[in-house]
Student: 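Here it is, the structure in full.
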Amino acid sequence: MNHDNTGTPVTVIGLGLMGQALAGAFLKAGHPTTVWNRTTSKADQLVAQGARLAPTVGDALKAASLAIICVTDYQAMHELLGSGVELDGTMLINLTSGDSAQARDAARWAEQRGARYLDGAIMAVPPAIGTAEAVILHSGPQPDFEAHKSTLDALGTATYLGADPGLASLYDVAGLAMMWSVLNAWLQGTALLRTAGVDAATYAPFAQQMATGVAGWLPGYAEQIDSGSFPAEVSALETDARAMEHLIAESEAVGVNAEWPKLMKAMADRSIAAGHGGEQYPVLIEEFGKPRGA
């Protein structure tokens, strides 16, 4: 990875497992690193590696023009950086988990305090920080991201999403929706096959192949969603619905939970009732795009 060799000083506020990993990666890449945490003992290992432990949050912020904050939640961030803490001139990158509304509010709040602000989301576990596998999403003003990208590259693959500060949070939860959906689909299949004595390890490579194959359809299906036109090039939704019926019946016949396929079928049935049975599967975006009962 191309690290910024000028050794730009950075500050890391919040030293949970993730905060410790972030500060450690900056140190390893040669950045003078100042840290602050409510429980100072969490800084011991980093101090041994060359970090400087600031006595106060204010002091930590003064030590570098770039400050990364990674705490429990946005409320904790507001409490730590509340009144009496000088933010003027600080480039604040918030890697705390929260929702998009909180991110947009925090951006306004930071701006009013004279700070620059980028919101971020970490798509990685702490041990991956500092490797290319750690994708870190950022949203907010592009010039601010570009100005600090070479420093942020010490943490992993720094990715810019757009000017709306809420985008990193939205991508974060959208990514989780993908993750759980793929896992749930695999668990449903595993539960079915176990009734015939097939173990999870035997099914996993086939499931992986299916998941990869379906992932390949996404760009083409995205074009249909963006153009609002869903010609049935592969199969019609009513054909999919019949196959869902089969999945439900098979699950019930072998004594496996059918809640998840029934939920899919209920959404498909509503779309078919609205006249979309002859269109292709992505037409379901209209069901996903509105609150239940609307």
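The first residue of the sequence shown is numbered 1, and numbering continues consecutively from there.
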Student: For L80, what are the other residues in its hydrophobic cluster, where any two members join if their side-chain heavy atoms are less than 4.5 angstrom apart?
Tutor: I13, W36, V57, L61, I69, V71, Y74, M77, L81, V85, L87, L92, W109, Y117
Student: Would you check, one step at a time, whether the test side chain to side chain contact (heavy atoms under 4.5 Å, CB included) holds for H138 with D119?
Tutor: CA-CA 6 Å; H138 300 80; D119 206 87; over 6 Å; no
Student: For the CZ atom on R194, are there more than 12 heavy atoms of other groups (residues, nucleotides or ligands in this structure) within a distance under 6.0 Å?
Tutor: no
Student: Any side-chain heavy atom of L284 sitting closer than 4.5 Å to one from E287?
Tutor: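 A side-chain contact under 4.5 Å exists here.
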Student: What distance do S139 atom OG and D164 atom CG have between them, rounded to the nearest 0.5 Å?
Tutor: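 The distance works out to 6.5 Å.
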Student: Would you give the length of the straight line joining atom CZ of R116 to atom OG of S65, rounded to the nearest 0.5 angstrom?
Tutor: 12.0 Å
Student: Using a cut-off of 6.0 Å, state whether more than 12 heavy atoms not belonging to L17 lie near its atom CG.
Tutor: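 Atom CG in L17 is not crowded, with 12 or fewer foreign heavy atoms closer than 6.0 Å.
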Student: How close do L161 and A168 get, counting heavy atoms only, and between which atoms?
Tutor: CD1-CA, 3.7 Å
Student: Examine distances only and state if a side-chain atom of R113 and a backbone atom of G82 form a donor-acceptor pair shorter than 3.5 Å.
Tutor: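 Yes, R113 side chain to G82 backbone: donor-acceptor pair under 3.5 Å.
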Student: Testing V35, L95, T11 for side-chain contact (heavy atoms from CB on, under 4.5 Å) with I68, which one passes?
Tutor: L95
Student: Does M179 CE have over 12 foreign heavy atoms under 6.0 Å away?
Tutor: yes
Student: Evaluate the side-chain hydrogen bond (donor to acceptor under 3.5 Å, both in side chains) criterion for residues N184 and S181: first the C-alpha distance (whole Å), next the side-chain angles of each, then the deciding distance (0.1 Å), finally the verdict.
Tutor: CA-CA 5 Å; N184 287 344; S181 300; 5.8 Å; no
Student: V182, Y203: one ILVMFWY side-chain cluster at the under-4.5 Å cut-off?
Tutor: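 Each belongs to a different hydrophobic cluster.
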Student: Does atom CD of Q49 have more than 12 heavy-atom neighbours from other groups under 6.0 Å away?
Tutor: yes
Student: Examine V10 and M91 and state if one hydrophobic cluster contains both, with Ile, Leu, Val, Met, Phe, Trp and Tyr joined whenever side-chain heavy atoms are less than 4.5 Å apart.
Tutor: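 The answer is yes; both residues are in one hydrophobic cluster.
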Student: Mind checking whether D199 and T190 have side chains closer than 4.5 Å, heavy atoms only?
Tutor: no
Student: Is there a path of hydrophobic side-chain contacts, each under 4.5 Å between heavy atoms of I/L/V/M/F/W/Y residues, joining M18 to I93?
Tutor: yes
Student: Please check if atom CD in E259 has more than 12 non-hydrogen atoms from other residues, nucleotides or ligands closer than 6.0 Å.
Tutor: no
Student: Do S235 and Q280 get their side chains close enough for a donor-acceptor pair, meaning under 3.5 Å?
Tutor: no
Student: Taking all non-hydrogen atoms of both residues, which atom of R52 and which atom of A63 are closest, and how far apart?
Tutor: NH1-CB, 3.7 Å
Student: Working note: T33 + L46, criterion side chain to side chain contact (heavy atoms under 4.5 Å, CB included); need CA distance, chi angles, decisive distance, verdict.
Tutor: CA-CA 9 Å; T33 305; L46 293 162; over 6 Å; no
Student: Nearest heavy-atom pair of A43 and L53: which atoms, and what distance?
Tutor: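 Taking A43 first and L53 second, the nearest heavy atoms are CB-CD1, 3.7 Å.
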Student: Does one side chain, of D73 or Q75, offer a donor that lies under 3.5 Å from an acceptor on the other?
Tutor: no
Student: Is it the case that atom CZ in R38 sees more than 12 heavy atoms from other parts of the structure closer than 6.0 Å?
Tutor: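 No, not enclosed.
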Student: Could you go through I272 and L237, starting from their C-alpha distance and side-chain angles, then the distance that decides it, and tell me whether this counts as side chain to side chain contact (heavy atoms under 4.5 Å, CB included)?
Tutor: CA-CA 7 Å; I272 291 166; L237 182 60; 4.0 Å; yes
Student: Quick check: do M123 and D172 have side-chain heavy atoms less than 4.5 Å from each other?
Tutor: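 Side chain of M123 against side chain of D172, heavy atoms only: contact under 4.5 Å found.
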Student: So, for A268 and M244, which heavy atoms are closest and what is the spacing to 0.1 Å?
Tutor: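 Looks like CB-SD, 4.0 Å.
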Student: If you measure from CD on E279 to CD on E238, what distance do you get to the nearest 0.5 Å?
Tutor: 10.5 Å
Student: Does atom CD of Q208 have more than 12 heavy-atom neighbours from other groups under 6.0 Å away?
Tutor: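 No, not enclosed.
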Student: What's the shortest heavy-atom distance between A25 and A154, and which atoms?
Tutor: CB-O, 3.7 Å
Student: Taking ILVMFWY side chains as joined if any heavy atoms are under 4.5 angstrom apart, and letting links pass through other members, which residues group with I248?
Tutor: none
Student: Calculate, to the nearest 0.5 Å, the distance between atoms CG and CG belonging to D44 and N37 respectively.
Tutor: 10.5 Å
Student: Report the residues that fulfil salt bridge (Lys or Arg N to Asp or Glu O under 4.0 Å) with E286, sequence neighbours left out, ordered by chain and then residue number.
Tutor: none
Student: If you count every heavy atom of other residues, nucleotides or ligands that lies below 6.0 Å from Q209 atom CD, does the total exceed 12?
Tutor: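 Counting other residues, nucleotides and ligands, CD of Q209 stays at 12 neighbours or fewer.
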Student: Roughly how far, to the nearest 0.5 Å, is CZ of F26 from CG of L66?
Tutor: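 Reported to 0.5 Å precision, the distance equals 6.0 Å.
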Student: Could you name each residue pair satisfying ring-ring contact (aromatic ring centres under 6.0 Å, His included) that touches residues 148-177, not counting sequence neighbours?
Tutor: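 Sorted result for residues 148-177: F145-Y160.
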Student: T56 and D59: side-chain donor and acceptor closer than 3.5 Å?
Tutor: no
Student: Would you say the side-chain atoms of S169 pair up with the backbone N or O of G98, donor to acceptor, closer than 3.5 Å?
Tutor: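 It does hold such a pair.
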Student: Are I225 and V283 side-chain neighbours, meaning at least one heavy-atom pair lies under 4.5 Å?
Tutor: no
Student: Going through the checks in order, is the salt bridge (charged side-chain N to carboxylate O under 4.0 Å, His left out) test met by K262 and E245?
Tutor: CA-CA 8 Å; K262 279 180 175 170; E245 193 61 67; over 6 Å; no
Student: Would you say the side-chain atoms of Q224 pair up with the backbone N or O of P282, donor to acceptor, closer than 3.5 Å?
Tutor: no
Student: Under the ring-ring contact (aromatic ring centres under 6.0 Å, His included) rule, what pairs show up with a residue in residues 250-282, not counting sequence neighbours?
Tutor: none
Student: Do V198 and F206 share a hydrophobic cluster (ILVMFWY, side-chain heavy atoms under 4.5 Å, transitive)?
Tutor: yes
Student: Has the side chain of Q188 got a donor or acceptor atom that lies under 3.5 Å from a matching backbone atom of A185?
Tutor: no
Student: Hey, quick one: are F288 and L263 part of the same hydrophobic cluster, counting side-chain heavy atoms closer than 4.5 Å, chains of contacts allowed?
Tutor: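 Each belongs to a different hydrophobic cluster.
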Student: Which pair of non-hydrogen atoms, one from A103 and one from P165, has the smallest distance, and what is that distance?
Tutor: CB-O, 3.6 Å
Student: Can you pull the ring-ring contact (aromatic ring centres under 6.0 Å, His included) pairs that have at least one residue in residues 226-250, sequence neighbours excluded?
Tutor: none
Student: Is there a side chain to side chain contact (heavy atoms under 4.5 Å, CB included) between L15 and V12? Walk through the geometry before answering.
Tutor: CA-CA 8 Å; L15 299 175; V12 177; 4.2 Å; yes
Student: To the closest 0.5 Å, what do you measure between CG (L118) and CG (L152)?
Tutor: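 Reported to 0.5 Å precision, the distance equals 8.0 Å.
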